[in-house]
2 protein chains.
Amino acid sequence: MVQKRFFGSSAEMYLKTIAELAHEREPVPVTSVADRLGISTVSASEMIHRLEDRKFVKHRPYKGVYLTAEGRRKANGVIRRQRLWECFLTNGLGIPWEHVHDFACQLEHATDPVVTEALADYLEHPATCPHGNPIPTADGEMPALEGVPLVNLMPGEKGVILRIHPVSEELVKHLDERGISPGREIEVTEIAPFNGPQSIEVGDEIHVLGREVAAHVMVQQAADTR
Amino acid sequence: MVQKRFFGSSAEMYLKTIAELAHEREPVPVTSVADRLGISTVSASEMIHRLEDRKFVKHRPYKGVYLTAEGRRKANGVIRRQRLWECFLTNGLGIPWEHVHDFACQLEHATDPVVTEALADYLEHPATCPHGNPIPTADGEMPALEGVPLVNLMPGEKGVILRIHPVSEELVKHLDERGISPGREIEVTEIAPFNGPQSIEVGDEIHVLGREVAAHVMVQQAADTR
DNA sequence: TTATTATATTAGGTCATCCTTATAATATCA
DNA sequence: TGATATTATAAGGATGACCTAATATAATAA
């Protein structure tokens with residue numbers, strides 16, 4: 001029987017999206033939420049009001065949305081489920097890591113807490129998903145995040161890729177095609193003028209990354225040894 | 001992003017339900033479908049019309065519903081996903097087999113074909129789910145079913161439990177508590193008068209099963225050696 | 001064959017989630 | 001400060017999946 005959930009997968013997507021956007025900018029503009037979810041701002045606004053009624057978010061008109069403590073807990077729960085599924089899909093089922101994001105996104109809304117925790121046990125409580133992003137704890141805490149956005153590095157600076165913010169499958173695929181994945185060492189060789197794209201050395205190759213893309217790649221910056 | 005499916009999980013539940021009820025009686029009365037799904041007959045009727053428009057079922061008023069070839073393929077796809085998940089939840093995650101039914105039911109509607117087949121590979125293509133029910137093939141064929149309903153056995157007749165029709169978690173739990181699970185040998189010791197319940201010997205114990213329940217237990221009947 | 005029961009349909013509603021179009025309010029920049 | 005751009009809200013609709021109550025029709029059993 002199709003069970004009635006006390007709130008639908010849509011609401012979960014909103015909370016997750018707000019949480020993901022929140023550590024780029026807080027408060028999160030409603031417009032960004034709408035864009036990311038591919039819906040109209042009117043609909044997003046509507047839903048955010050409903051989420052506010054249920055005390056999951058706080059909306060400051062013309063500023064943006066914040067998660068409440070409860071909302072953050074819920075959002076982290078969703079993210080936990082998604083990232084655990086990503087681990088399983090990649091490591092268990094052998095699905096290429098650049099594809100698992102969307103599959104996991106479907107599964108995350110259909111996963112009972114009992115299944116989530118059994119899955120975590122089974123996977124031996126991984127610290128991160130295949131993209132390198134930390135997996136929230138069972139009680140809804142997000143582990144502290146390290147690293148700086150790749151886009152902040154200046155020419156000559158080096159680092160190790162920590163994680164890729166999985167905004168979309170296209171982004172992940174784009175990076176994967178350029179050999180950029182967690183653990184790889186990179187060096188910024190050049191930045192084009194006028195806030196232009198970065199040239200990045202990965203292994204023996206040099207790739208050019210737009211700023212938008214590089215903003216979603218987090219690196220552990222190496223001590224500058226020039 | 002929440003993807004738009006060309007039809008929702010509800011429709012999948014209808015098809016699955018019709019398929020499950022079909023080998024008890026064909027055509028399947030709309031009332032049975034409604035009962036099983038816990039919805040009104042009006043709603044069921046409505047949805048069945050929609051499914052008929054899409055050529056998944058054929059409805060004969062006052063008789064019941066049949067699946068079309070296409071509908072059966074779809075239904076078997078859903079059942080395949082569910083039963084594969086049941087295998088994983090039981091054998092992989094160690095969730096007790098009497099609990100996995102509902103969890104798998106949630107997951108089945110959120111599972112991409114790519115994931116389904118990767119899962120099947122991972123599980124090494126099991127023939128049956130933990131309840132003993134056959135898993136349809138990737139192209140939507142349901143393997144032939146053996147066995148007779150336990151309720152058909154007469155006192156003195158013996159057999160081996162092949163599978164339990166997973167109608168509900170309660171049914172499975174009820175049977176599990178009485179030691180009735182696939183592979184067990186049983187003997188009918190008595191049938192109470194007036195179409196009453198059966199007494200079943202399992203191991204050293206004797207349990208009494210209502211006819212409704214016993215109708216969902218399929219057995220491989222042993223040659224009568226009295 | 002008729003009365004009873006089972007099944008189907010019609011009409012009118014609810015709820016969540018989305019939409020477009022139009023207007024109002026605020027922010028920001030020149 | 002005033003003009004422009006951004007953000008919010010209001011109004012009206014659409015859709016899918018459900019509901020109840022009332023009525024119509026077919027099946028079945030006395």
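What's counted below: heavy atoms across the whole structure, side chains too, no hydrogens, waters or symmetry copies. Below, chain A is the first sequence line, B the second, and so on; all start at residue 1.
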Engineer: How close or far is atom P of dC18(D) from atom CD1 of I48(B), stated in whole angstroms?
Structural biologist: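 In whole Å, dC18(D) P lies 11 Å from I48(B) CD1.
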Engineer: In whole angstrom, what separates E52(A)'s CD from dA8(D)'s P?
Structural biologist: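 After rounding, the reported distance stands at 11 Å.
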Engineer: Across the strands shown, which category fits V30(A) at heavy-atom distances under 4.0 angstrom: base, sugar-phosphate, nothing?
Structural biologist: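 Touches sugar-phosphate only.
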Engineer: Less than 6.0 Å separating the ring centroids of H109(A) and H109(B)?
Structural biologist: no
Engineer: Give one of base, sugar-phosphate or nothing for T41(A), where a contact means two heavy atoms less than 4.0 Å apart.
Structural biologist: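 If one applies the 4.0 Å heavy-atom cut-off, T41(A) turns out to touch nothing in the nucleic acid.
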Engineer: Please report, rounded to the nearest Å, how far the C1' atom of dA17(D) is from the CG atom of L15(B).
Structural biologist: 15 Å
Engineer: Can you tell me which nucleotide in dT17(C), dA11(D), dC19(D) comes closest to the side chain of E46(B)?
Structural biologist: dC19(D)
Engineer: Using whole Å, what does the distance between atom P of nucleotide dG16(D) and atom CG of L51(B) come to?
Structural biologist: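 These atoms are roughly 13 Å apart.
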Engineer: Looking at S10(B), I'd like to know whether one of its side-chain N or O atoms comes within less than 4.0 Å of OP1 or OP2 on dC18(D).
Structural biologist: yes
Engineer: Compare the minimum distances between each of dA27(C), dA8(C), dA27(D) and the side chain of K63(A), then state the nucleotide with the smallest one.
Structural biologist: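 Out of dA27(C), dA8(C), dA27(D), the nucleotide with an atom closest to K63(A)'s side chain is dA27(C).
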Engineer: dA17(D), dA8(C), dC18(D): which one has an atom nearest the side-chain heavy atoms of R50(B)?
Structural biologist: dA17(D)
Engineer: Rounded to whole Å, please give me the gap between CG in D35(B) and P in dA6(C).
Structural biologist: 12 Å
Engineer: How far does SG of C87(B) sit from CG of L93(B), to the nearest 0.5 angstrom?
Structural biologist: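 C87(B) atom SG to L93(B) atom CG measures 12.0 Å (nearest 0.5 Å).
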Engineer: Could you work out which one of dA8(C), dC18(D), dC18(C) sits closest to the side chain of Y14(A)?
Structural biologist: dC18(C)
Engineer: Could you tell me how far apart D53(A) (CG) and dT17(C) (P) are, to the nearest whole angstrom?
Structural biologist: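 After rounding, the reported distance stands at 12 Å.
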Engineer: How do P61(B) and R60(A) order along DNA chain D: which one's closest nucleotide is nearer the 5' end?
Structural biologist: R60(A)
Engineer: What verdict does the ring pair (Phe, Tyr, Trp, His ring centres under 6.0 Å) test give for F88(B) and F88(A), after you've listed the backbone C-alpha separation in whole Å, the side-chain angles of each residue and the deciding distance to 0.1 Å?
Structural biologist: CA-CA 12 Å; F88(B) 175 65; F88(A) 176 66; 4.5 Å; yes
Engineer: Output the rounded distance in Å from CE (M47(A)) to C1' (dT7(D)).
Structural biologist: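 My rounded result for the distance is 20 Å.
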Engineer: Taking 4.0 Å as the cut-off, does a side-chain nitrogen or oxygen of S45(A) come that near to OP1 or OP2 on dA8(D)?
Structural biologist: no
Engineer: Assess, by modelled atom type and distance only, whether the side chains of Q198(B) and E190(B) contain a donor and an acceptor separated by less than 3.5 Å.
Structural biologist: no
Engineer: Any donor-acceptor pair under 3.5 Å joining the side chain of Y62(A) to the base of dT6(D)?
Structural biologist: no
Engineer: Name the closest nucleotide to the V42(B) side chain, picking from dT9(D), dT20(D), dC18(C).
Structural biologist: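 Closest of the options to the side chain of V42(B): dT20(D).
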Engineer: Counting side-chain heavy atoms from CB outward, which of dT20(C), dC18(D), dT9(D) is closest to H59(A)?
Structural biologist: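 Out of dT20(C), dC18(D), dT9(D), the nucleotide with an atom closest to H59(A)'s side chain is dT9(D).
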Engineer: When the distance from CG of L37(A) to C1' of dA16(C) is rounded to whole Å, what number comes out?
Structural biologist: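 Rounded to whole Å, this separation is 16 Å.
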Engineer: Of the options dA17(D), dT10(C), dC19(C), whose atoms approach the side-chain atoms of S43(A) most closely?
Structural biologist: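 The nucleotide sitting nearest to the side chain is dC19(C).
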Engineer: Just by modelled atom types, is the H59(B) backbone N or O under 3.5 Å from a matching donor or acceptor in the E52(B) side chain?
Structural biologist: yes
Engineer: Pick from V151(A), V208(A), V213(A): which one makes a side chain to side chain contact (heavy atoms under 4.5 Å, CB included) with P197(A)?
Structural biologist: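 Single pass found, and it is V208(A).
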